[in-house]
Each structure stands twice: as structure tokens, then as C-alpha cells.
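By convention in this document, chain letters (A, B, ...) are assigned in the order of the sequence lines, proteins followed by strands, and residues within each chain are numbered from 1.
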Amino acid sequence: MVGDTIVDWYAGAARDLPWRRPGVDAWAVLVSEVMLQQTPVARVEPVWREWMDRWPTPGHLAAVAPADVIRAWGKLGYPRRALRLRETAVAVVERHGGVVPDDVAALEALPGIGTYTARAVACFGYGQPQPVVDTNVRRVVARLVHGWAEAGNARAADLTDIGALAPTDTARATRFSVAVMELGALVCVARTPRCGACPVRDRCAWRLAGSPVHDGPAKRVQKFAGTDRQVRGRLLDVLRAAHEPVDAATLEPAWDDAIQRSRCLDSLLTDGLVEQTADGLFRLPA
DNA sequence: CACCCGTGGCT
DNA sequence: TAGCCAAGGGT
């Protein structure tokens with residue numbers, strides 16, 4: 001069956017990623033998964049190594065100031081993830097005695113841990129045969145099973161779809177979850193799939209249908225230039241570099257439009273990524 | 001469910 | 001070059 005074929009392919013094709021090595025615990029896996037949310041492997045690797053070296057356990061991370069965490073996060077993007085990761089460390093210490101929980105429901109209750117990440121931790125960190133659905137898996141299933149060129153929006157049936165392909169053997173089912181992700185990351189990629197290198201090309205519904213082009217609605221492109229996300233990033237850049245609180249004037253060069261700049265600073269304060277001192281200066285939260 | 005939340009490399 | 005895309009989550 002296809003599941004077994006994909007597992008066998010993975011044995012010879014898997015990348016040697018640091019968080020996949022033997023002895024890497026569930027906390028280290030959790031940290032990697034949060035960093036990998038919407039961020040490419042190549043950019044995560046060095047930050048993850050440095051991070052785990054500094055803060056190897058939830059207890060270590062829970063004890064440091066948000067400012068340190070935000071700086072260490074660097075330019076991975078979506079810095080709210082860094083804040084939530086620290087909050088998760090606190091929750092693991094307070095609610096789970098410093099041990100990452102091994103059941104999906106408890107994992108999903110942690111800040112910044114959703115449907116995907118909870119199952120990824122249970123599967124990759126604890127060896128459970130959990131179905132795991134990320135963007136790679138949705139694309140593989142779309143092509144292999146449904147014969148579509150692209151995955152649609154995430155849907156509840158995704159978990160059922162991938163579960164149906166998993167090998168029955170428990171250990172192989174666990175391997176299967178990483179294996180499908182790897183297939184999507186290395187072979188069944190978004191832009192130009194390398195079907196010649198695909199272990200299941202002969203059983204792929206999309207190929208059997210003649211590799212039709214995507215005919216549904218185009219996915220909405222997210223603009224970046226000029227958006228609040230860019231402005232927030234600029235403001236945070238200034239504050240990451242400053243090791244003393246700064247006044248509003250110091251933030252002006254970050255963005256010309258005063259209205260937008262002010263709105264974004266407010267939203268950073270609301271998010272807890274920035275705080276204001278008693279004398280009205282701004283800094284990363286101590 | 002649609003939208004918001006960063007960043008940088010690749011085509 | 002401008003857009004596409006990357007191991008999503010929260011609201």
C-alpha cells in the first residue's frame with residue numbers, strides 16, 4: 001500500500017535535521033515545531049541550536065524575560081510565537097511539573113499549540129502514531145488521493161484522509177507521519193513537483209489524470225510591503241537593537257506615516273511585544 | 001471562515 | 001521583477 005511505500009522511501013531520503021536525532025526530547029521537538037510554523041527549515045536550524053543550548057528545558061525558558069526571548073527569536077518572523085512559546089514553558093512548569101504533556105488535548109491547550117503542532121509533538125516527540133496534517137501533507141493528499149493540482153483550504157476531513165493511508169503497524173504509522181511531510185517538502189513540492197523522483201508516482205491520482213492544472217479559485221496572496229506587519233517588524237527592529245528604553249522620536253525613522261506607526265506601536269503594546277516604562281519610554285518587555 | 005500576524009529566498 | 005511560498009495559530 002502507498003503508506004508503506006512512502007515509509008520505505010523516507011528511510012533512504014530523510015534529511016538529517018537536528019531535531020530528528022536520537023535523544024532529542026519532546027520539549028526540543030516542540031520548540032522546533034513552533035519555530036517551523038510558516039518559517040523555512042534553513043532559517044530555523046541555527047536559531048534552534050542556539051536556543052536549545054541556552055534554554056534546554058521548559059524551566060529554563062520560563063525563567064527568562066520576554067525581552068531576551070524576543071531578541072533570541074531574531075528574524076524568524078511572527079514574534080508573537082516567541083512570546084507564546086515562553087508562555088507554554090510557564091504552563092508546562094506550572095500545570096505539568098515541567099514535563100511536556102504527551103496527550104493531544106493537553107498539548108492543544110498550550111498557548112501557540114494548535115491542531116498541527118499538538119499532533120506533531122505527540123508523534124515526533126513521543127512516538128505516537130498520530131495523523132499529522134500540515135501544508136505539505138495537504139498537498140500530497142490533494143494530488144495523490146484526490147487528483148487535484150493544489151490543496152484547498154484546510155478541512156476537518158484532512159485528518160481522516162491521511163489516517164486512511166497510514167500503515168496499520170504502530171511503529172510504521174508513526175514513521176509515516178514524518179515521511180509524508182518529507183515527501184511534500186522534498187518531492188511533491190508546490191511549484192514544480194519532482195514526479196520523476198516520487199516513490200508513488202504510479203499510484204498518484206493527479207498524474208493518472210494527466211497532471212491537470214489547478215482550476216479552482218487562486219489562493220489569496222498576502223501583501224507585505226506597506227502593511228502593518230512590515231511596520232511592526234521595523235519598530236521591533238529598533239527595539240531589539242536598543243538596550244535602553246527609547247522615546248517616541250527614536251521610533252520615527254522606522255516608518256514615515258505617523259498614523260500607521262502609532263497604530264502599530266499600540267498593537268505591539270497590546271500584544272505584549274513592547275512595554276512602556278513609567279516615564280513613557282518604550283522597550284521590549286522586561 | 002476570513003483575516004491578521006514577519007521575513008527572506010527563489011523563480 | 002513581483003509574486004509565490006514556507007513543519008500554523010488565534011480571533
Side-chain angles (χ1 to χ4, degrees), chain A residues 10 14-15 17-20 24 28-48 70 73-85 87-88 107-125 130-140 149-156 158-159 162 177-186 188-193 214 217-240 254-255 260 263-264 266-268 270-274:
Chain A
Y10 179 77
R15 288 168 292 178
L17 301 176
W19 43 85
R20 285 180 180 167
V24 173
V29 169
L30 188 155
V31 172
S32 77
E33 290 301 338
V34 171
M35 288 183 175
L36 287 163
Q37 291 168 1
Q38 299 289 283
T39 304
V41 166
R43 245 188 297 160
V44 167
E45 270 209 48
V47 179
W48 181 84
I70 294 166
W73 192 257
K75 307 284 284 185
L76 286 183
Y78 295 137
R80 294 191 296 188
R81 289 182 293 164
L83 240 35
R84 291 187 181 131
L85 184 52
E87 289 164 14
T88 275
L107 285 162
E108 279 185 326
L110 298 170
I113 310 299
T115 308
Y116 163 77
T117 307
R119 285 165 182 76
V121 171
C123 184
F124 312 152
Q130 294 286 347
V132 161
V133 178
D134 75 329
T135 185
N136 292 302
V137 174
R138 286 195 297 109
R139 187 173 54 248
V140 170
E150 297 174 18
N153 292 321
R155 49 203 187 100
D158 291 337
L159 273 174
I162 198 62
S177 289
V178 224
V180 179
M181 287 180 55
E182 195 75 339
L183 186 65
L186 299 181
C188 195
V189 296
R191 223 88 53 102
T192 51
H214 178 67
K219 59 181 62 174
R220 310 160 295 282
V221 285
Q222 257 201 110
K223 294 297 179 194
F224 178 65
T227 63
D228 286 3
R229 295 208 311 297
Q230 183 179 25
V231 180
R232 286 164 54 105
R234 293 270 193 91
L235 292 170
L236 234 35
D237 264 345
V238 174
L239 293 170
R240 265 193 299 258
W255 198 255
Q260 189 177 15
R263 178 175 71 238
C264 289
D266 280 345
S267 75
L268 288 169
T270 300
D271 287 348
L273 283 163
V274 175

For this session: Might you point out which heavy atoms bring A/R119 and A/Q130 nearest each other, and give the distance in Å?
Result: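 Residues A/R119 and A/Q130, closest heavy atoms: O-CB, 3.9 Å.
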Exercise. Which atom pair, heavy atoms only, marks the closest approach of A/R81 to A/Q37?
Worked result: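 That closest heavy-atom pairing would be NH1-O, 2.7 Å.
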Distance in angstrom units between [X] [atom1] and [N] [atom2], rounded:
X: A/L85; N: C/dG9; atom1: CG; atom2: P; value: 13 Å
X: A/L268; N: B/dC4; atom1: CG; atom2: P; value: 16 Å
X: A/Q38; N: C/dG10; atom1: CD; atom2: P; value: 13 Å
X: A/W73; N: B/dG6; atom1: CH2; atom2: C1'; value: 11 Å
X: A/L76; N: C/dA6; atom1: CG; atom2: C1'; value: 12 Å
X: A/F224; N: C/dA2; atom1: CZ; atom2: P; value: 16 Å
X: A/L83; N: C/dG10; atom1: CG; atom2: P; value: 13 Å
X: A/Q222; N: B/dG8; atom1: CD; atom2: P; value: 16 Å

Pick base, sugar-phosphate or nothing for [X], based on heavy-atom distances below 4.0 Å to the nucleic acid.
X: A/R240; answer: sugar-phosphate
X: A/R139; answer: sugar-phosphate
X: A/R191; answer: base
X: A/R155; answer: nothing
X: A/T192; answer: nothing
X: A/R43; answer: base
X: A/F124; answer: nothing
X: A/G77; answer: base
X: A/D228; answer: sugar-phosphate
X: A/A190; answer: sugar-phosphate
X: A/S32; answer: nothing

With side chains defined as the heavy atoms from C-beta onward, is the minimum distance between [X] and [Y] less than 4.5 Å?
X: A/V47; Y: A/W73; answer: no
X: A/V274; Y: A/L235; answer: no
X: A/T117; Y: A/L107; answer: no

Seminar exercise, completed: Taking C/dA7, B/dG6, B/dG8 as options, the one with an atom nearest any side-chain atom of A/R229 is B/dG6
For this session: Among the candidates C/dG9, C/dG10, C/dG3, find the nucleotide nearest to the side-chain atoms of A/Y116.
Result: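 Ranking C/dG9, C/dG10, C/dG3 by closest atom to the A/Y116 side chain puts C/dG9 first.
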Problem set entry | A/K223 side chain near C/dA2 phosphate (N/O to OP1/OP2, under 4.0 Å) | no
For this session: Could you say whether A/P40 or A/G112 is positioned toward the 5' end of DNA chain C, judged by the nucleotide with the nearest heavy atom to each?
Result: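 The residue closer to the strand's 5' end, by nearest nucleotide, is A/P40.
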Exercise. A/Q37 or A/R220: which one's nearest nucleotide on DNA chain C is closer to the 5' end?
Worked result: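 Closest to the 5' end, via its nearest nucleotide, is A/R220.
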For this session: Check whether the side chain of A/T117 and the base of C/dG9 form a donor-acceptor pair under 3.5 Å.
Result: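 Counting by modelled atom types and ignoring angles, no donor-acceptor contact under 3.5 Å is found here.
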Exercise. Between A/D237 and A/R234, does at least one N-O distance fall below 4.0 Å, as a salt bridge requires?
Worked result: no
Exercise. How far does the P atom of C/dA7 sit from the matching atom of B/dA2, given to the nearest Å?
Worked result: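 It works out to 23 Å between them.
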Exercise. Considering only the P atoms, how many Å lie between B/dG6 and C/dT11, rounded to the nearest integer?
Worked result: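 Their P atoms lie roughly 14 Å apart.
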For this session: Assign each of A/N153 and A/T227 to its nearest nucleotide of DNA chain B by heavy atoms, then name whichever residue's nucleotide is nearer the 5' end.
Result: A/N153
Problem set entry | Between OG on residue A/S177 and CD1 on residue A/I162, distance to nearest 0.5 Å | 7.5 Å
